[in-house]
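Everything numeric here is computed off the predicted structure, so don't read it as measured data. Below, read A as the first sequence line, B as the second, and so on, with proteins coming before strands; counting in each chain starts at 1.
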2 protein chains.
Amino acid sequence: MRLSTKGQYGLRAVLDLADRFGQGPVPLNTVAEREEISEHYLEQLMSQLRKAGIVTSMRGAQGGYQLSRNPEEITVAEVIDVLEGPMVPVDCLASDGGCRRSSVCAAQSLWKRLAEAMNEVLGSTTLADLVEENHRLRSQNGDIMYYI
Amino acid sequence: MRLSTKGQYGLRAVLDLADRFGQGPVPLNTVAEREEISEHYLEQLMSQLRKAGIVTSMRGAQGGYQLSRNPEEITVAEVIDVLEGPMVPVDCLASDGGCRRSSVCAAQSLWKRLAEAMNEVLGSTTLADLVEENHRLRSQNGDIMYYI
DNA sequence: TTTAATCCCAACTGTTTCACTCGGGATTCA
DNA sequence: TGAATCCCGAGTGAAACAGTTGGGATTAAA
């Protein structure tokens, strides 16, 4: 039950944009470098995020990507939903049809509770929250980043 | 971010055993039929559960599987852990090493909170809880099961 | 007006995981 | 002895994963 790299990379990328929100578009290659993600692969993820209205893009020189809204207005749940699909542990919760045993399936009620717990965390955390957390962590480390 | 069928089938199977706890071993094929799971595939899952000490097996005629402990003493978290590995959304939480950015990674602290929320649900639910829920659901439906 | 920087798009690819199936062998009860 | 059961390892087709490749379109700056 792991997130794929899509969700992980995608979140890191929008966090990178959130950290620079209001400073104009950020080209993809600088995000890719800072976050150590394959540029072409990240491009595919950003394309999905753009179609979902989370980021906007500008082509040409001096172009790049930026968040389409304030970081306070974008939840992690939104981002993950775009890249990973609905955050539910089993398919029968995602599709409306569900399975035919659902009325008598104790397992399903458990999965439902699990989904609620997950969405509580992801839906209540915004990009701004994480940027703030990031600054807190950085200042604790005296702004020294040991990794390259 | 879905559970594989291993976790889903495995939970259904042990729930089936929990429902018949104390009535002697249940042969694999009856569990497989009731739960509509490929017998040979389920065999592999039961083998893992046996090695993990969740079920015990008896060979030969009149043999089968049964829970090794009371249903009240087995949590869903245990079962899922055996079949799906640690319930954490990203690898860097599962391996002790972690990633080298962890000291300054806001995403990681989010994933940690998510893992805690998930384990809170799964770790506090026992097989007995779900069996009880099952009986409740069945009585609501007047014990009529429309599915085949 | 060219050129470099950038985004946009579709197709291809090697690896891994999934969800099984197949074909046996070992035990135990009747 | 024979049927019922568990035990085990190997094989398999399909899908997803995590990219790579190779172009094209748009825009700002020289």
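Applying the side chain to side chain donor-acceptor pair (under 3.5 Å) test to A/Thr5 and every residue at least two apart in sequence or in another chain returns A/Tyr41. With sequence neighbours left out, B/Ser109 forms a side chain to side chain donor-acceptor pair (under 3.5 Å) with A/Glu133. The side-chain contact (heavy atoms from CB on, under 4.5 Å) test applied to A/Pro71 returns A/Ala18, A/Phe21, A/Leu67, A/Leu127, A/Ala128, not counting sequence neighbours. Listed by chain and residue number, A/Arg12 satisfy the side chain to side chain donor-acceptor pair (under 3.5 Å) test with A/Glu35 (two or more places apart in sequence, or in another chain). Shown here are the side chain to side chain donor-acceptor pair (under 3.5 Å) partners of A/Ser68, two or more places apart in sequence or in another chain: there are none. In this structure, the salt bridge (charged side-chain N to carboxylate O under 4.0 Å, His left out) partners of A/Asp19, at least two apart in sequence or on a different chain, are A/Arg138.
Between B/Gln44 and B/Glu84, the residue anchored nearer the 5' end of DNA chain C, judged by the nucleotide with its closest heavy atom, is B/Glu84.
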Produce a footprint string for nucleotides 23-30 of chain D: one letter per nucleotide, 5' end first; B if the base is under 4.0 Å from any protein heavy atom, S if only the sugar-phosphate is, - if neither. -BBBBSS-
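A donor-acceptor distance shorter than 3.5 angstrom exists from the side chain of A/Arg2 to the backbone of B/Val88, with no hydrogens or angles considered.
Between A/Arg2 and the phosphate of D/dC17, there is no side-chain N or O to OP1/OP2 separation shorter than 4.0 Å. Using a 4.0 Å cut-off, no side-chain N or O of B/Tyr41 falls inside it from OP1 or OP2 of D/dT12.
Put simply, chain B comes within 4.0 Å of DNA chain C, heavy atom to any atom, from C/dC18 to C/dC29, going 5' to 3'.
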Quick one: side chains of residues 42-54 of chain A, donor-acceptor pairs under 3.5 Å with protein atoms, not counting sequence neighbours, listed by atom name and distance.
from	atom 1	to	atom 2	distance (Å)
A/Ser47	OG	A/Lys51	NZ	3.4

Which atom pairs, one a donor and one an acceptor, fall under 3.5 Å between side chains of residues 76-85 of chain A and the rest of the protein, sequence neighbours left out?
from	atom 1	to	atom 2	distance (Å)
A/Glu78	OE1	A/Arg69	NH1	3.4
A/Glu78	OE1	A/Thr75	N	3.4
A/Glu78	OE2	A/Arg69	NH1	3.3
A/Glu78	OE2	A/Arg69	NH2	2.8
A/Glu84	OE2	A/Ser4	N	3.0
A/Glu84	OE2	A/Ser4	OG	2.8
A/Glu84	OE2	A/Gly7	N	2.9

Show which side-chain atoms of residues 117-125 of chain B pair as donor or acceptor with protein atoms under 3.5 Å away, not counting sequence neighbours.
from	atom 1	to	atom 2	distance (Å)
B/Asn119	ND2	B/Ala115	O	3.1
B/Ser124	OG	B/Glu120	O	2.8
B/Ser124	OG	B/Val121	O	3.3
B/Thr125	OG1	A/Arg113	NH2	3.0
B/Thr125	OG1	B/Val121	O	2.9

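Atom pair A/Glu39:CD and D/dT20:P shows a separation of 11 Å (rounding to whole Å applied). When the P atom of D/dC7 is taken as reference, atom CG of B/Leu49 falls 12 Å away, rounded to whole Å. Spacing between atom CG of A/Leu45 and atom P of D/dG19 amounts to 10 Å, rounded to whole angstrom units.
Five base pairs at each end of the helix from C/dT1-D/dA30 to C/dA30-D/dT1 define two local axes, and these are offset by 0° (rounded to 10°).
Across D/dC6, D/dG19, D/dC17, the shortest atom-to-atom separation from the side chain of B/Ser57 is found for D/dC6.
Within 6.0 Å of CD in B/Glu39 there are more than 12 heavy atoms belonging to other residues, nucleotides or ligands.
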